[in-house]
There are 2 protein chains.
Amino acid sequence: MAMRRALTSAVKSVTVNSALSSSSFTRNVHGSSGSSKKIVGVFYKANEYASMNPNFVGCVEGSLGIRDWLESQGHEYIVTDDKDGPNSELENHISDLNVLITTPFHPAYVTAERIKNAKNLELLLTAGIGSDHIDLEAAAAAGLTVAEVTGSNVVSVAEDELMRILILVRNFLPGYHQAIQGEWNVAGIAYRACDLEGKTIGTVGAGRIGKLLLQRLKPFNCNLLYHDRIRMDPEMESQTGAKYEEDLVKMLGKCDVVVMNTPLTEKTKGMINKEMISKMKKGVLIVNNARGALMDTQAIVDACSSGHVAGYSGDVWYPQPAPKDHPWRYMPNHAMTPHISGTTIDAQLRYAAGVKDMLDNYFKGEDFPPQNYIVKEGELASQYR
Amino acid sequence: MAMRRALTSAVKSVTVNSALSSSSFTRNVHGSSGSSKKIVGVFYKANEYASMNPNFVGCVEGSLGIRDWLESQGHEYIVTDDKDGPNSELENHISDLNVLITTPFHPAYVTAERIKNAKNLELLLTAGIGSDHIDLEAAAAAGLTVAEVTGSNVVSVAEDELMRILILVRNFLPGYHQAIQGEWNVAGIAYRACDLEGKTIGTVGAGRIGKLLLQRLKPFNCNLLYHDRIRMDPEMESQTGAKYEEDLVKMLGKCDVVVMNTPLTEKTKGMINKEMISKMKKGVLIVNNARGALMDTQAIVDACSSGHVAGYSGDVWYPQPAPKDHPWRYMPNHAMTPHISGTTIDAQLRYAAGVKDMLDNYFKGEDFPPQNYIVKEGELASQYR
């Protein structure tokens with residue numbers, strides 16, 4: 001069935017819907033009720049995995065589970081994973097699409113150039129959270145609306161961060177390698193395995209994910225710290241027991257584990273560089289499920305090699321997909337995976353439902369939930385400023 | 001320094017302390033004050049890892065950090081990892097040792113035969129928790145005292161269980177394999193990755209470790225169940241939100257994740273067999289840091305191969321060390337490690353301190369903390385009955 005869907009989508013992609021040009025003046029305005037739209041979704045392909053789980057809606061084949069609903073209302077829906085370069089399928093549709101749905105897990109980079117060429121584009125939806133693959137300034141200048149499914153994967157990412165903290169602190173992977181390689185050497189694991197209890201954990205950023213992480217860390221009896229532009233409300237502070245650190249560098253110097261929970265912006269790009277790492281404790285562990293480009297790639301490799309950073313785990317890279325020769329794949333003491341934490345089956349069902357709701361709002365000319373807007377009427381949401 | 005210690009210990013092991021035979025009548029009685037004792041410790045060897053962490057006291061080289069203290073009081077202290085067979089170093093000392101310190105992480109099997117031959121043995125101390133490598137009935141019949149460092153690694157094991165639950169539920173390992181193999185296939189991970197939130201987790205046994213696990217699971221908003229011989233106190237039930245399940249089989253049928261937290265006894269040996277697995281949901285995940293022999297080894301292999309069990313993780317095997325051809329090393333969807341969860345650096349420091357305290361009590365003829373006794377005056381502690 002998955003294969004049949006993919007074929008149907010490929011056939012549709014060459015059909016041009018003649019009703020589309022009518023909305024070319026309405027950038028920045030929600031679609032007028034009743035008009036037919038050309039909607040393009042860019043997701044990762046599942047191939048043989050597509051049919052293995054009926055709830056696997058986040059892939060090309062699953063198409064967020066909204067194809068029948070969209071088509072029954074007369075809209076055109078094209079879904080592809082082919083996103084890069086001038087001959088990609090996405091590029092073929094840039095000139096006349098009205099809505100582009102992208103995802104952080106297989107990011108279609110929406111550059112200023114693409115925005116300029118997308119004369120009919122009105123709405124950019126992110127299936128998930130994190131829209132830094134979109135040139136938000138260019139989108140704002142062009143009067144586009146950009147929105148995410150805020151909250152859809154915050155629990156997923158916070159859980160995943162806690163998993164990675166435990167994997168590093170408890171030195172899980174060397175033991176796993178022994179198990180599959182027929183070995184047994186407890187000492188080779190134990191000499192650097194610790195309990196999480198009693199350690200100092202600091203989160204750089206305490207938005208929704210950071211707060212959910214702190215709540216989940218609470219029963220572990222750690223020393224919890226957070227740095228952000230503003231303090232969280234006193235109730236959340238007392239609920240999590242986390243202490244506010246106004247000075248980022250001072251906080252980093254106290255941490256056994258540093259967790260990144262801050263969006264990627266021009267200001268935060270490459271923020272964890274050689275100098276920042278030198279302010280951290282020798283043997284610090286770093287977990288980063290936020291964005292790969294928050295890090296200076298080579299500084300992380302060097303610090304893992306020297307042992308100053310005793311372990312690094314995350315699911316985000318720059319660029320994505322990570323090339324075969326990305327050095328983080330091969331540095332010592334890492335626990336990396338592809339970008340996966342926010343695309344569990346549960347998260348997919350949530351962000352698919354959120355995208356559907358926003359499309360429904362859009363067709364009806366209604367507003368989205370306010371927290372979903374990343375760019376609205378030429379303005380960026382506060383976390384991207 | 002570690003190497004020097006090992007050599008010193010080897011030399012001492014051939015020195016016979018002539019004062020020892022005086023206490024051969026005092027089995028079951030704490031050592032009389034002032035007499036010199038022969039104490040043997042059996043731990044895992046650390047080799048090149050011994051010198052990498054000054055707190056690495058749980059290995060042969062670290063010797064629990066009590067050598068200077070013991071020797072300054074005139075006791076003989078022999079430490080080895082050589083524990084199996086008639087020509088092992090442990091066997092050489094069986095006939096005249098007074099105290100034997102063992103550890104579950106490198107278990108010296110103390111059989112009825114060994115107990116019979118250990119004419120001067122008075123005290124069996126477990127550095128850690130879990131004394132099923134000792135024939136407790138035989139120890140009781142011989143009037144020996146058996147004691148553990150109760151509580152020393154319960155936090156370590158509970159943390160480790162939560163890590164393994166997250167690793168299985170979130171399908172971490174396929175992503176890690178992709179990362180190190182130069183691959184990128186989000187779909188191949190995501191089709192079976194889930195959030196922990198909302199899932200049903202059941203613990204078989206809710207002693208100290210089970211309770212600590214439930215407390216740490218609380219903020220994840222799961223449906224928590226537990227089975228035990230008796231209900232926990234109402235305050236703990238309401239604090240963790242866990243529901244009591246009197247009928248084990250009924251509970252197993254409800255769980256997305258089953259966690260084993262019950263000691264190994266004649267009654268629990270092999271309890272998770274083909275029939276019990278057939279009562280569980282298809283796709284269940286199992287975490288077992290309790291004891292390998294709670295499982296029917298082949299039934300687990302078969303269920304992981306068929307997919308009825310979608311993932312199995314633990315650090316316990318039977319026997320230990322697991323032989324190179326142990327089938328759990330090679331079954332699908334496992335996340336196994338050697339026996340490690342309770343021997344983090346933090347746990348080592350706790351159980352080394354606990355062993356030292358009990359030896360001090362023993363030399364002074366004082367009682368141990370009551371919760372530490374496994375066999376006292378011919379009686380087994382309740383959890384081993």
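Note that this is a predicted model, so its numbers are computed, not measured. Just so it is clear: chains get the letters A, B, ... in the order the sequence lines come, proteins before strands, and each one is counted from 1. Just so it is clear, the values below take in all heavy atoms, side chains as well, and ignore hydrogens, waters and symmetry mates.
- With a 4.5 angstrom heavy-atom cutoff, A:Q348 touches chain B only via side-chain atoms.
- When each of B:N153, B:D160, B:I189 is checked for heavy-atom pairs under 4.5 Å with chain A, B:D160 comes out on top.
- Taken to the nearest 0.5 Å, the CZ atom of A:F172 stands 4.0 Å off from the CD1 atom of B:I167.
- Your options are A:V155, A:N53, A:T343, and the one with the most heavy-atom pairs under 4.5 Å with chain B is A:V155.
- Chain A forms the most heavy-atom pairs under 4.5 Å with one residue out of B:Q215, B:Q178, B:Q181, B:H106, and that residue is B:Q178.
- Applying the side-chain hydrogen bond (donor to acceptor under 3.5 Å, both in side chains) rule to pairs touching residues 316-332 of chain B yields B:Q320-B:H339, sequence neighbours excluded.
- Looking at heavy atoms from C-beta onward, A:P338 lies out of side-chain contact with B:E183 at the 4.5 angstrom threshold.
- With a 4.5 Å cut-off on non-hydrogen atoms, A:I165 does not touch chain B at all.
- With a 4.5 Å cut-off on side-chain heavy atoms, A:N185 and B:Y44 do not count as touching.
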For A:R170 and B:E159: C-alpha separation, side-chain torsions, deciding distance, then whether side chain to side chain contact (heavy atoms under 4.5 Å, CB included) applies. CA-CA 9 Å; A:R170 307 190 61 79; B:E159 286 188 5; 2.9 Å; yes
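- Heavy atoms closer than 4.5 Å to chain A are found in the side chain of B:N221, but not in its backbone.
- Chain A forms the most heavy-atom pairs under 4.5 Å with one residue out of B:F105, B:Y49, B:W184, B:F43, and that residue is B:W184.
- In terms of heavy-atom pairs under 4.5 angstrom with chain B, the leader among A:G175, A:A335, A:S341 is A:G175.
- Across all non-hydrogen atoms, the minimal contact from A:Y176 to B:H177 is OH-NE2, 2.9 Å.
- Environment of CD in B:E235: sparse, with no more than 12 heavy atoms of neighbouring residues, nucleotides or ligands closer than 6.0 Å.
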List the steps and the verdict of side chain to side chain contact (heavy atoms under 4.5 Å, CB included) for B:V186 and A:T337. CA-CA 9 Å; B:V186 170; A:T337 67; over 6 Å; no
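- Counting heavy-atom pairs closer than 4.5 Å to chain B, the top residue among A:P321, A:A322, A:S313, A:G58 is A:P321.
- Atoms OG1 and CG, on A:T344 and B:N171 in that order, are 11.0 Å from each other to the nearest 0.5 Å.
- Residue B:E61 holds its CD atom at 14.0 Å from OH of A:Y191, rounded to the nearest 0.5 Å.
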B:I180/A:H334 under side chain to side chain contact (heavy atoms under 4.5 Å, CB included): CA gap, chis, key distance, verdict: CA-CA 9 Å; B:I180 61 176; A:H334 81 72; 3.6 Å; yes
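- Among the residues in residues 193-200 of chain B, those with a non-hydrogen atom closer than 4.5 angstrom to a non-hydrogen atom of chain A are B:A193, B:C194, B:D195, B:L196, B:E197, B:K199.
- With respect to chain B, the highest number of heavy-atom pairs below 4.5 Å among A:A158, A:G188, A:C59, A:P174 belongs to A:G188.
- Here the side chain of B:R216 pairs no donor or acceptor atom with the backbone of A:F220 at under 3.5 angstrom.
- Chosen from B:A347, B:A187, B:P323, the residue pairing most often with chain A at heavy-atom distances under 4.5 Å is B:A187.
- The shortest distance between side-chain heavy atoms of B:I345 and A:R192 does not fall below 4.5 Å.
- In this structure, chain B has a heavy atom under 4.5 Å from the side chain of A:F56, while its backbone stays farther away.
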